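Residue numbers run from 1 in the order of the sequence given. Since this is a predicted model, take the numbers as computed values, not measurements.
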Amino acid sequence: MTAARSPLTRVSEVPYEALCQFLYREARLLDQRKFDEWNDLFAEGGMYWIPLAEDQGDPVNHLSLAYEDSMMRQVRINRLNHDRAWSQKPRSRTAHTVSAIVVESVCEASNQLVVGSAFTMAEWRSFGHRTFSGLYTHTLQISDGRLQIVEKRVDLIDSAEAFEPIEVFI
């Protein structure tokens, strides 16, 4: 019998392995098209951001490929899951790989931590196969004893290039 673990309350208490498992689980949810479960990983007010430019300072004063709050993520999820979404016939299939996970900073005052990682996402759609690569920056907090995403920043290595529409979450 294993001892019951108390819920997490401080980000400084989160073991590195738990951070890795959180990021791996997030990638798995996306690959399994469990978008509602993925969206539930976000904190209230959490943002999903894909900057347009390398080293972009903020999403408000600059163009971005995506800057989505809960409502906009839900709009995209509803479209991706809709039976008549013609651009998803057949549905996109993805495989995410997450690596090089590092804790970049811990802020006890806000009970948040920043985790950086590298990623590759392969996507197959009706027009063929394509690959996205880059760096993730997750700002995480603990709420109700679990990790939640305050912001997920996706820095694509080729963000300034022309893309077919990015429909799924990277």
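For Asp36, the side-chain hydrogen bond (donor to acceptor under 3.5 Å, both in side chains) partners at least two apart in sequence or on another chain are Gln74. For Thr139, the side-chain hydrogen bond (donor to acceptor under 3.5 Å, both in side chains) criterion is met by no residue, not counting sequence neighbours. Under the rule for a salt bridge (charged side-chain N to carboxylate O under 4.0 Å, His left out), Arg73 has no partner lying at least two apart in sequence or in another chain. Listed by chain and number, the residues in a salt bridge (charged side-chain N to carboxylate O under 4.0 Å, His left out) with Arg25 are Glu37 (sequence neighbours excluded). Annotation: side-chain hydrogen bond (donor to acceptor under 3.5 Å, both in side chains) contacts of Arg10 (sequence neighbours excluded): Glu108. Thr131 meets the side chain to side chain contact (heavy atoms under 4.5 Å, CB included) test with Thr120, His129, Ser133; sequence neighbours excluded. With sequence neighbours excluded, the residues that form a side-chain hydrogen bond (donor to acceptor under 3.5 Å, both in side chains) with Glu123 are Ser92, Arg130.
Between Glu167 and Arg125, at least one side-chain nitrogen of the basic residue sits less than 4.0 Å from a carboxylate oxygen of the acidic one, meeting the salt-bridge criterion.
Listed by chain and number, the hydrophobic cluster partners of Val114 come to none, as no ILVMFWY side chain reaches under 4.5 Å of it. Hydrophobic cluster membership of Leu135, counting Ile, Leu, Val, Met, Phe, Trp and Tyr whose side-chain heavy atoms lie under 4.5 Å apart directly or via other members: none, as it forms a cluster of its own. Hydrophobic clustering, defined by side-chain heavy atoms of Ile, Leu, Val, Met, Phe, Trp and Tyr closer than 4.5 Å, groups Met71 together with Met72.
Distance check: His138 NE2 to Ser117 OG gives 6.0 Å after rounding to the nearest 0.5 Å. Separation of atoms CG (Leu63) and OG (Ser159) is listed at 12.0 Å; rounding is to 0.5 Å. Residue Gln141 holds its CD atom at 10.5 Å from CD1 of Ile149, rounded to the nearest 0.5 Å. Annotation: the span from Leu65 atom CG to Gln56 atom CD amounts to 8.5 Å, rounded to 0.5 Å.
Among all heavy-atom pairs drawn from Leu140 and Val150, the shortest one is C-CG2, 4.3 Å. Heavy atoms only, all atoms of each residue included: Thr137 and Glu104 are closest at CG2-OE1, 4.3 Å. Between Phe119 and Leu156, the shortest heavy-atom distance links the atoms CZ-CD2, 3.8 Å. Contact record, Ser70 with Asn39: O-ND2, 4.1 Å, taken as the closest heavy-atom pair.
Enclosure of atom CG in Asp58 by more than 12 non-hydrogen atoms of other residues, nucleotides or ligands within 6.0 angstrom is indicated. Counting non-hydrogen atoms of neighbouring residues, nucleotides and ligands closer than 6.0 angstrom, the CZ atom of Arg93 reaches no more than 12 such neighbours.
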Result block: side-chain N/O donor-acceptor pairs under 3.5 angstrom for residues 42-54, not counting sequence neighbours:
unit_1: Tyr48; atom_1: OH; unit_2: Ile170; atom_2: N; d: 2.8
unit_1: Trp49; atom_1: NE1; unit_2: Ser64; atom_2: OG; d: 2.9

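Residues Phe35 and Leu30 meet the side-chain proximity criterion, which asks for heavy atoms closer than 4.5 Å. In this structure, the side chains of Phe132 and Ile166 come closer than 4.5 Å at one or more pairs of heavy atoms. Using a 4.5 Å heavy-atom cutoff, the side chains of Phe22 and Glu17 are not in contact. Looking at Met121 and Val168, their side chains come closer than 4.5 Å, going by heavy atoms from C-beta outward. When side chains are defined from C-beta on, Leu41 does not count as touching Gln148, because their heavy atoms never get closer than 4.5 Å. When side chains are defined from C-beta on, Val154 counts as touching Tyr136, because their heavy atoms get closer than 4.5 Å. Looking only at side-chain heavy atoms (C-beta outward), Phe169 and Glu68 come within less than 4.5 Å of each other.
Cluster annotation: Ile142 and Val103 are assigned to the same hydrophobic cluster (Ile/Leu/Val/Met/Phe/Trp/Tyr, side-chain heavy-atom contacts under 4.5 Å, transitive). Taken together through direct or relayed side-chain contacts under 4.5 Å among Ile, Leu, Val, Met, Phe, Trp and Tyr, Tyr67 and Leu80 form parts of separate hydrophobic clusters. Two different hydrophobic clusters hold Leu147 and Val102 under the rule that ILVMFWY side chains link at heavy-atom gaps under 4.5 Å.
Listed by first and then second residue, the salt bridge (Lys or Arg N to Asp or Glu O under 4.0 Å) pairs that reach into residues 151-165 are Glu26-Lys152, Arg153-Asp155, sequence neighbours excluded.
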